Visitor: 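Questions regarding the structure given below will be posed in turn.
Since the model is a prediction, treat every value here as computed from it, not as a measurement. The figures here come from the full heavy-atom set of this structure, side chains too, leaving out hydrogens, waters and symmetry mates. As the structure lists them, so they are numbered: ligands from 1, and atoms in each ligand from 1.
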Amino acid sequence: MGTEFNQPLGGNAMPRFGGPSTMMRLPSQTDSNNLDVCFVGVPLDIGASNRSGTRYGARAIRSESSLLRPYNMGTKAAPFDSLQVADIGDVAINTFDLKKSIDIIEQAYNQILANPCKPLTLGGDHTITLPILRAIAKKHGPVGLIHVDAHSDINDEMFGEKIAHGTIFRRAAEEGLLDPKRVLQIGMRGTGYAAEDFDWSREQGFRVIQIEECWHKSLVPLMDGVRKQLTGGPVYFSFDIDGIDPAFAPGTGTPEIGGLTTIQALEIIRGARGLDIVGGDLVEVSPPYDPTGNTALLGANLLFEMLCVLPGVKYR
Ligand code: MN
Ligand code: MN
């Protein structure tokens, strides 16, 4: 191996604090031509309801990803042995206009998906997942979904708006972008407005795992069942970093206590291996609230773990 596929720039070729600030120090290109997988940033935060700052998320994730080495010691995945991967930069959103940005993002993903390339997205607030899913569903039809989050993001509207970071999965279901029997929402918690807050999801047929079902335990058995439920069609992975406890991931806009551990996050992603994953995103990293960089570092690692469970990855 070595020359056939792009490789991350190694730490012995250039110190990890130097060199290009691309995801995992991979080569960059401007489109998805000849790629199996692309990392792509969406620097949007005008869909966020509380703290902002996710416009800096993609840049911070790329910076922290400079520490990542190409082989997964835990799972033995060697994604760069068999997949052509590059960083294709950021989508040029219009930071003064959310609706225009949604259209810009959808068009950008239509272009990415014109090639047989799977996008792994560096967010950005969670609003970006709606236009991404529109493009994904246009190509693949309704998809299964693994949605990790403290919040179910199924509000009908926020401040009178139909599109915001807390409405996206209701819109996605209404638009037929999801295969509701193959949707998992995991990590939901916190204070709500009413006992029925998560019921709309369950009425659609989504499987909703509130955080109390995750406390004090390994999620490996749970994911064995999830894999059986979600098999049989394409699956999209949407990971809101606030699904993880703010002790591990404080740099986010709407933190909720009592969340998933970093280890459980790894179990969820690794437990998706074998599914027909067609893309994924890691959203809601807000660097202004992340003084140590740990949240962005975690986000970078989780994106690498998503890469490691894509179809076609070799294990050695
Ligand atoms: Mn969310
Ligand atoms: Mn959230």
Visitor: For Thr22, give me all partners under side-chain hydrogen bond (donor to acceptor under 3.5 Å, both in side chains), at least two apart in sequence or on another chain.
Guide: none
Visitor: Out of curiosity, Gln229 CD to Leu275 CG, how far, rounded to the nearest 0.5 Å?
Guide: 10.5 Å
Visitor: Would you please indicate yes or no on a ring centroid separation below 6.0 angstrom for His151 and Phe169?
Guide: no
Visitor: I'd like to check the side-chain contact (heavy atoms from CB on, under 4.5 Å) partners of Lys162; sequence neighbours left out, ordered by chain and number.
Guide: Asp156, Glu157, Arg171
Visitor: Mind checking salt bridge (Lys or Arg N to Asp or Glu O under 4.0 Å) for Asp103 and listing every partner two or more places apart, or none if nothing turns up?
Guide: none
Visitor: Would you say Leu260 and Ile211 make side-chain contact, with heavy atoms under 4.5 Å?
Guide: yes
Visitor: Take the Mn ion (ligand 1) and tell me which protein N, O or S atoms are nearer than 2.8 Å.
Guide: His126 ND1, Asp149 OD2, Asp153 OD2, Asp240 OD2
